[in-house]
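Chain letters run A, B, ... following the sequence lines, proteins first and then strands; every chain starts at 1.
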Amino acid sequence: MRFGIVVFPGSNCDHDCYHVTHHLLGEETEFIWHKEEKLSGFDCLILPGGFSYGDYLRTGAIAKFSPVMDAVRDFAEGGGLVIGICNGFQILLEAGLLPGAMKRNDSLKFICKDVWLRVETSSTPFTNTLEEGEVLRIPIAHADGNYYADDATLARLKEQDRILFRYTDIHGNPEAAANPNGSRENIAGIINENRNILGMMPHPERCAESILGNENGRKIFDSIVKHIR
Amino acid sequence: MQEPAITEEVIEQHGLSPEEYERVLTILGRQPTFTELGIFSVMWSEHCSYKSSRLHLKKFPTEGAHVIEGPGENAGVIDIGDGLAAVFKMESHNHPSFIEPYQGAATGVGGIMRDVFTMGARPVVNMNSLRFGKLSEPHNQYLLDGVVDGIAGYGNCMGVPTIGGEIYFSDCYNGNCLVNAFTLGIAKADGIFRGYASGPGNVVIYVGSKTGRDGIHGVTMASEEFVDDSEQKKPTVQVGDPFMEKLLLEACLEVMKKNLLVGIQDMGGAGLTSSSCEMAGRAGTGVELDLALVPRREEGMIPYEIMLSESQERMLMVAEKEKEEEIHAIFKKWDLEAVTIGRVTDDGMLRILDGGKQVAEIPALKIAQQAPKYDRPHAESETQRARRSLDPSGIAVPDDLEEVLKILLDTHNIADKEWIFEQYDHMVRTNTVVLPGSDAAVIRVKGTKKGLAVSTDCNSRYCYLDPYVGGMNAVAEAARNVVCAGARPMALTDCLNFGNPEKPEIMWQFVQAVEGMSAACRALGTPVVSGNVSFYNETRGEAIWPTPTVGMVGLLHDVRRFMTQWFKKEKDALFLVGETLDELGGSEYLEVIHGQVRGQPPVLDLEKERKVQETVRAAIEQGLLHSAHDCSEGGLAVALAECCLTGPGPHLGAQVTLDDDLRPDALLFGESQSRVVVSIEDKDLDAFKEIANRVGAPITFLGLVGGKDLKIELQGRSLQWPVEVLRKIHRHAIRHHMTHDTLD
Amino acid sequence: MMKAKVYVTLKKGVLDPQGKTVKHALDNLGFEGVEDVRIGKYMEVSLREMSAVDAEKAVTSMCEKLLANTVIEDYRVEIEP
Amino acid sequence: MMKAKVYVTLKKGVLDPQGKTVKHALDNLGFEGVEDVRIGKYMEVSLREMSAVDAEKAVTSMCEKLLANTVIEDYRVEIEP
Ligand SMILES: Nc1ncnc2c1ncn2[C@@H]1O[C@H](COP(=O)(O)OP(=O)(O)O)[C@@H](O)[C@H]1O
Ligand SMILES: [Mg+2]
C-alpha cells in the first residue's frame, strides 16, 4: 500500500512517521509538500506532528489554508484514510474535518511523557487489530491537547461510537488524575462520521519498535495496513 | 539616530580601554568612524575576542585521531564512523536569561542550534545546564519557570529533542542565573561546512529574519557585571522566532546538500559584524557589504545599528555567482528571502557601504590577529584558601541517619528533575533510547548500529572550594555518566562560567579550573573540541561560584547494549566499583545538614578513575550488567536510593551491608569520586570479576537487589526505608515547589 | 493608513485554562477581590487607506477565516480612522 | 461587580513573530492592503465592587507584577463601571 506524509512548514514528526511506514512496515511512502494541489495513488495520508507555522496564532490555524488541504479533503471524501497525529489532529480540527477545538493544556505547559490510553472501539480502520478496552502505553508531546467540544457534539460522538481513545490510568479507568491536559471526558482521539479520518494527540509513531522500548503504537499502523489489504 | 562624535566618553562607553583604542588608531592609521568604533568594540569584547581566556584555553588538549574539527570553528566535530560525524557545542545565555528568562533562554537555544547546523549538521540532541538561586525565593521560581518554558518553546518547535541536562540551586546564583545550552548534530564526515569567505568575486548572501534594533550592545552587556539597574536594560532583549529558524534549518541543509555554498556562518552575538569579519579573517580575504541591501524591520536604522544588531535567525553565506539563482530558488521554496548584500574581495578589507557610500573600512585579519590578549594577574586569595580547611571532629554524626537520606532526596539539587524535562520534547526524531532520568541519555544513530550518550556536569561547590579539583571532577563525572550508559567517552565541549576576570582571585579560579580539566581530559582521552567562556557573572561585586560546565559525548558501538541506572531484577548482586574514602568536604550533606560549605572536595585519582570507567564500560559492552549508576551528590546512600526509585518501575529495593570503619556519614553521604554501583546476575559474576581484576579496579560486594525496602546495615546499625516513600519525596520536591500540586 | 482592532475572546461557557491560572496566581500574590480572569487576544491590523465599511468587511472576513476559531471563540472588530 | 479590561501589546521595535506570520498568511489568503499585524493580549478581570480609583490602582499593579512582561510589553488598563 502507499502512505503519503504531508509536510507543512514546521512539521517535525514527518520523518518519524516515514521511518515507521517505510522502514519498519516496509510500505511505500512519499512525502507530500504542502503546496501540492493534486494527490493520487495514496491509500492513507498522514498529517504528522510538529509546529506548523510555529503554532502561531492557534495550533493548525494557518496550516489549514495550505493548498494541499483541499486535496486532503477530496481524498477523504472519496473514502481515503487520513490520520492526523498531534499537530495533524489540530489541523484537522481547524479545517473542520473533525469536530471540536483544541485549547491550551490546563497546566499551560508542554507535556512530554508516556500516558495510558484505553481503546474505546475497534470498529475502525485504525483500531481493527486492537481489542476494545485494551490499554496502550503511548507518549504525548504537546502544549495544546485540551480537547473541547460542546455538549451536543460530545453526545453525537458518543452515540456514533466515534471516540477512539481516552486517557486512563494503567488499569483503563478514565480518572481525572489520568487526564494530562484537561481534555473533555479524557478524550485523546476521535474519528469522523464516515470513519475514515482519525485525529489523535498521542504519538503512535514514537513507540513502534523494540529499541525504543515500546511497540504499542505499531498496532495502529498495522490496523491501517490490514484494512487496506 | 544621529551618529555621535568620537569622544573619550564614547570610547569608554564602548568598553575599549585607552590602550585598546590606541591599537585601533594604529591599525587604521586614522580616527575610526562611529561604525568602525562599534565594530572594534564588539569584536574586542570579552565575549568575541576571549581576550582574558585565550592564553589559558590553549592548555586544553584538543587533538585526537577522531577529531575532525577542534575549537575555532562554529562547533567541534568528531568522527563517529560509518562516514558520519558528530558536531557539538555548548554556549551560555546567562545575562539575557536573567533579564528576560523566556526569551533569553529561547534565543540561547536558537543560537547554539545555528552554530551546529551552520556546519552542515542536522541537530539531533539538545541539553541544558542551569543554575539558579534557591527556589524558596519567588523570583528564582519565576526565573526557572521562564527559562524552562523558553527552552521548551524553542527546542520543541524546532523538533530537536532535549534529552538531558543538569540543574543546581545555590545562593551564589541569586543575582546571576546560568543558562548554558548544548546542541549536537549529525553530519556526513566529508560534508562539513566552514565559515570561510573564500574566492574573491564570490557573492555574500543574507538569509533569515529582517534586521531590527535587537540586542544592540548585547555582547558588551554579556561582558559587564550587573549593576543594580541592569534590569532596566530592557530594549536590547531579543525575541526568538523558532518557526523562522526551523525554515532556515531546512533550507540551509538543502542548499548544503546540493553543495551550493563556499562558506556559511550564523549571525550570533555581534551579528553581521562578527560573521563577516570572521569569515573574511579565516579565508584571508576581504568582504564588501552594502548595508542598504540588508532587509530591515525598523525604519531609520544607521549603519552602526545594522552592523551591531543581534536580531536572531539570520545567516550569512558565501557562494559562487553562478550558484546564486539556485540558492535563491531553494530559499523561496521555504518562503524565505535570500538577499545578495555584497561580495568577497582580495584586498583583505572589511568594507562597509551604505548605498554606495563607504562608512567603514578595516583590515579584516587584523581585527582578529591584533585583538587584545591579556595575561591577567591570578592569585589565590586568603579567604579562598581558608575555605578548604575543615575539622571533621567538629561535625557530629546525626542520630537519625534515615531522616538524613530523606532530607537529601528532598533537596532540589538531588530531587527528581522530571518537572523540567517533561516540558521538553525528548522523544521527537524517535532516536531516544535512554530518556532523561538516567545518568546519561542515549540516542541511536539511524542507519547505523551505533549510539551516542551525552551528559552535562559540573559540581560548582567543588570548584568554589578547589577549582583545580573541581575542574577535574567535572570532566571525570561527565565521562563516568556517559560510561554508565555503556558508551566510550569521545570528546567534550565546555561552557566556563566565572566572575570578573579582572580580579586576581577570579582569574586564579579560572586558570586552576582549566588546568584541572585539562589534566582529566588527558588522562581520560577526551579532547576539548569546542566551548565558550562567560565572564563577569557577578552582581554587586559578588561572583558566582566558578562553574565550568562540561558537555560530554560518548559512543556506543552497539546501541542495543545501552545501560540505565535503575535496578531491574530481584536477587541481582550489587557491587561497588571504586572505593569510599573518608571524605566529607564539599558534600551536599555537609551543606544541607550541617550548613557548611567547606573542606577539600573529593580527591580524584585519575588513574583509578580510568580503571573504574574501563571496568564498567567493558562489563556493559559484554552484556554483563543490569544497571550502572555513579555516585555523585549525596554519595553512596543517595545513589542506592536512586537505583531503587528511578526508572519506569516496578521499583525494587535492596539489602546492603557496608563493612567499613569510616565514620557512618562519610560512608553513606560522602562524595568520593570514581564510584559506580552496578547490579549483576549470578551467572555473570565470574566474568565481571575477571574484568575488574584484569583492569585493576577495586570492587566490593554490597548486597542484593529485591523487596520493597532499601535496607542498609552498617556498623551494627540497621537503616530501612520503604522505596515508595523515598520515591514520593524525590519526585515531589521540585514539582511541588513549582506548581503547588501534589502527586497522588 | 488605518487601523483595525480585533478582540478575540473564548465563548462564554468554554473554560479558560489561562485565565484560571492567572486568577490563581493573582490570589497568591495577595490581590484581593479578583473574581474572575478571562484571557483573549488583541490584534492590531494596519490597513492601507480604504472606506470604513470596506475595512470592516475585510477584517470581519479575516476573523471568520483565520483570526478567530468560531467553534470556541467570539470576536469583535473596531475600525479606527 | 466591575470589570477591568487590560490590553497588552509588544513594545515598538520588538519582533512579533506571530504577527509577522499571520500577516503573511493573510497575504496568501488574498487579503489585499494589509500592511502589518501585531498580536497582543486582551484580558478581562472581574473585580468585586470598589472605587474606580482603587480598581485602576490594583489592576495596574497586577500588570506590573504579572499580567504584562514589562521588559518587552506595554499595557493599558480600562476600568468599566
Ligand atoms: N535542566 C535539565 N534538562 C533536562 N534534563 C535534566 C535537567 N536537569 C537534570 N536533567 C536530567 O535528570 C537526570 C538527573 O540529573 P542529575 O541528578 O544531574 O544526574 P547526575 O547526577 O547523574 O549527573 C538526568 O537524566 C538529567 O539528564
Ligand atoms: Mg550520575
Kindly indicate, with the supporting measurements, whether the criterion side-chain contact (heavy atoms from CB on, under 4.5 Å) is fulfilled by D:K20 and B:K210. CA-CA 11 Å; D:K20 195 182 63 178; B:K210 295 189 164 96; over 6 Å; no

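- Here D:L15 contributes atom CG and B:R213 contributes atom CZ; the two are 14.5 Å apart, rounded to the nearest 0.5 Å.
- Between B:G240 and D:P17, the shortest heavy-atom distance links the atoms O-CG, 3.6 Å.
- The environment of CD in B:E337 is sparse: at most 12 heavy-atom neighbours from other residues, nucleotides or ligands sit within 6.0 Å.
- For the atom pair OG1 (D:T21) and CG (B:D335), the distance works out to 10.5 Å, reported to the nearest 0.5 Å.
- In this structure, D:E32 places its CD atom where only 12 or fewer heavy-atom neighbours from other residues, nucleotides or ligands lie under 6.0 Å away.
- No part of B:S311 comes within reach of chain D, as not one of its non-hydrogen atoms sits under 4.5 angstrom from that chain.
- Distance alone, capped at 3.5 Å, is enough to place a donor-acceptor pair between the B:R297 side chain and the D:G13 backbone.
- Using a 4.5 Å cut-off between heavy atoms, B:Q103 contacts chain D through its side chain alone, with no backbone atom that close.
- Heavy-atom distances place the side chain of D:N69, and not its backbone, under 4.5 Å from chain B.
- More than 12 heavy atoms of other residues, nucleotides or ligands lie within 6.0 Å of NZ in B:K333, so this atom counts as buried by the packing criterion.
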